[in-house]
Amino acid sequence: MKGLFTLIACLALLGIAGNAPAADKAQRKLQHVVAFKFKSGVTPEQIKAMEKEFRALKDKIPGIIAFEHGTDNSPEGKAKGFTHCYILSFKDEKSRNDYLPHPEHKAFGKIVGPLLEDVFVIDFWAN
């Protein structure tokens, strides 16, 4: 009988743990990380103008809750030529999925595209 109670207790805990990610998801942010490697010859003024347009997406596209950016300063030397990083925080996956094909995002792509040698994108739920 003791073994049965232990099994029931374990199953109950698993049930609670299994629901935890959904509950935690409401308190987490979906992070959309974008790193740019610019073509040689792109000027600081061009980058500044592009960043102004990128930052403006927060006010143009619903669901973006934060926009942060910075330049690489890692002493490890592993940036592989990517110099600028941008992090957009979304309230949920739907907001991120709506952002990707949004006309304002597409218009921004036409601004930044000619400046880039390469781009790296990764999304994750911040813990």
Side-chain angles (χ1 to χ4, degrees):
M1 197 65 145
K2 183 178 178 186
L4 178 61
F5 287 121
T6 302
L7 176 60
I8 291 170
C10 287
L11 290 173
L13 286 173
L14 286 173
I16 292 168
N19 293 332
D24 290 345
K25 211 177 221 185
Q27 298 174 4
R28 299 186 300 166
K29 295 182 292 189
L30 181 58
Q31 304 293 79
H32 178 72
V33 180
V34 182
F36 291 153
K37 182 189 300 187
F38 292 99
K39 292 178 180 176
S40 77
V42 171
T43 67
E45 293 79 16
Q46 288 174 297
I47 293 172
K48 186 174 180 177
M50 176 277 306
E51 285 178 340
K52 181 179 176 185
E53 294 297 323
F54 203 175
R55 186 179 307 105
L57 293 180
K58 182 179 180 295
D59 297 324
K60 295 177 180 180
I61 302 175
I64 301 173
I65 57 176
F67 175 88
E68 301 173 273
H69 67 94
T71 56
D72 176 51
N73 68 359
S74 173
E76 293 179 292
K78 297 184 179 190
K80 299 183 179 183
F82 291 90
T83 56
H84 292 66
C85 185
Y86 305 86
I87 303 174
L88 288 81
S89 301
F90 291 91
K91 65 180 185 175
D92 52 31
E93 289 175 351
K94 181 184 182 321
S95 297
R96 188 264 325 267
N97 293 346
D98 290 346
Y99 159 84
L100 294 173
H102 194 282
E104 293 289 347
H105 181 234
K106 295 295 187 184
F108 171 72
K110 291 179 181 176
I111 293 168
V112 72
L115 306 176
L116 298 179
E117 180 179 322
D118 203 359
V119 62
F120 173 83
V121 179
I122 188 169
D123 296 351
F124 68 95
W125 283 102
N127 290 319

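For the single chain, residues carry numbers from 1 onward in sequence order.
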(request) Could you check Phe108 against Met50 for side chain to side chain contact (heavy atoms under 4.5 Å, CB included), going step by step and ending with a plain yes or no? (result) CA-CA 8 Å; Phe108 171 72; Met50 176 277 306; 3.6 Å; yes
(request) Check the pair His84, Phe54 against side chain to side chain contact (heavy atoms under 4.5 Å, CB included), reporting the backbone distance first and the verdict last. (result) CA-CA 12 Å; His84 292 66; Phe54 203 175; over 6 Å; no
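Thr83 is not listed as a side-chain neighbour of Thr71, based on a closest heavy-atom distance of 4.5 Å or more. Side-chain contact between Ile65 and Phe90 is absent, with no heavy-atom pair separated by less than 4.5 Å. A 4.5 Å side-chain heavy-atom check between His32 and Tyr86 finds every atom pair outside the cut-off. No side-chain heavy atom of Lys80 sits under 4.5 Å from any side-chain heavy atom of Phe120. Within the 4.5 Å cutoff, the side chain of Leu57 has no heavy atoms near those of the Phe67 side chain.
Atom CG of Leu115 and atom OG1 of Thr43 lie 8.5 Å apart (nearest 0.5 Å). To the nearest 0.5 Å, atoms NZ (Lys106) and CG (Leu100) are separated by 7.5 Å.
Nearest heavy atoms, Tyr99 versus His105: OH-CD2, 3.1 Å. Across Asp123 and Val33, no two heavy atoms sit closer than the pair OD1-N, 4.0 Å. When every heavy atom of Asp72 is checked against every heavy atom of Ser74, the shortest pair comes out as OD1-N, 3.1 Å. Scanning both residues, Ala126 and Gln31, for their nearest heavy atoms gives CB-CG, 3.8 Å. Heavy atoms only, all atoms of each residue included: Gly109 and Pro114 are closest at O-CD, 4.4 Å. Minimum interatomic distance between Trp125 and Asp92 (heavy atoms only, all atoms of both residues): CH2-CA, 4.0 Å.
A 6.0 Å sphere centred on NZ of Lys94 holds no more than 12 heavy atoms belonging to other residues, nucleotides or ligands.
Both Ile122 and Phe82 are assigned to one and the same hydrophobic cluster, defined by single-linkage of ILVMFWY side chains at heavy-atom distances under 4.5 Å. Val121 and Phe124 are not part of a single hydrophobic cluster, where members link through side-chain heavy atoms under 4.5 Å apart. Residues Leu116 and Ile47 share a single hydrophobic cluster, defined by chaining ILVMFWY side chains whose heavy atoms lie under 4.5 Å apart. In the hydrophobic clustering of ILVMFWY residues, with side-chain heavy atoms under 4.5 Å counting as a link, Ile87 and Phe38 come out apart.
The side-chain hydrogen bond (donor to acceptor under 3.5 Å, both in side chains) analysis of residues 52-62, with sequence neighbours excluded, yields the pairs Arg55-His69.
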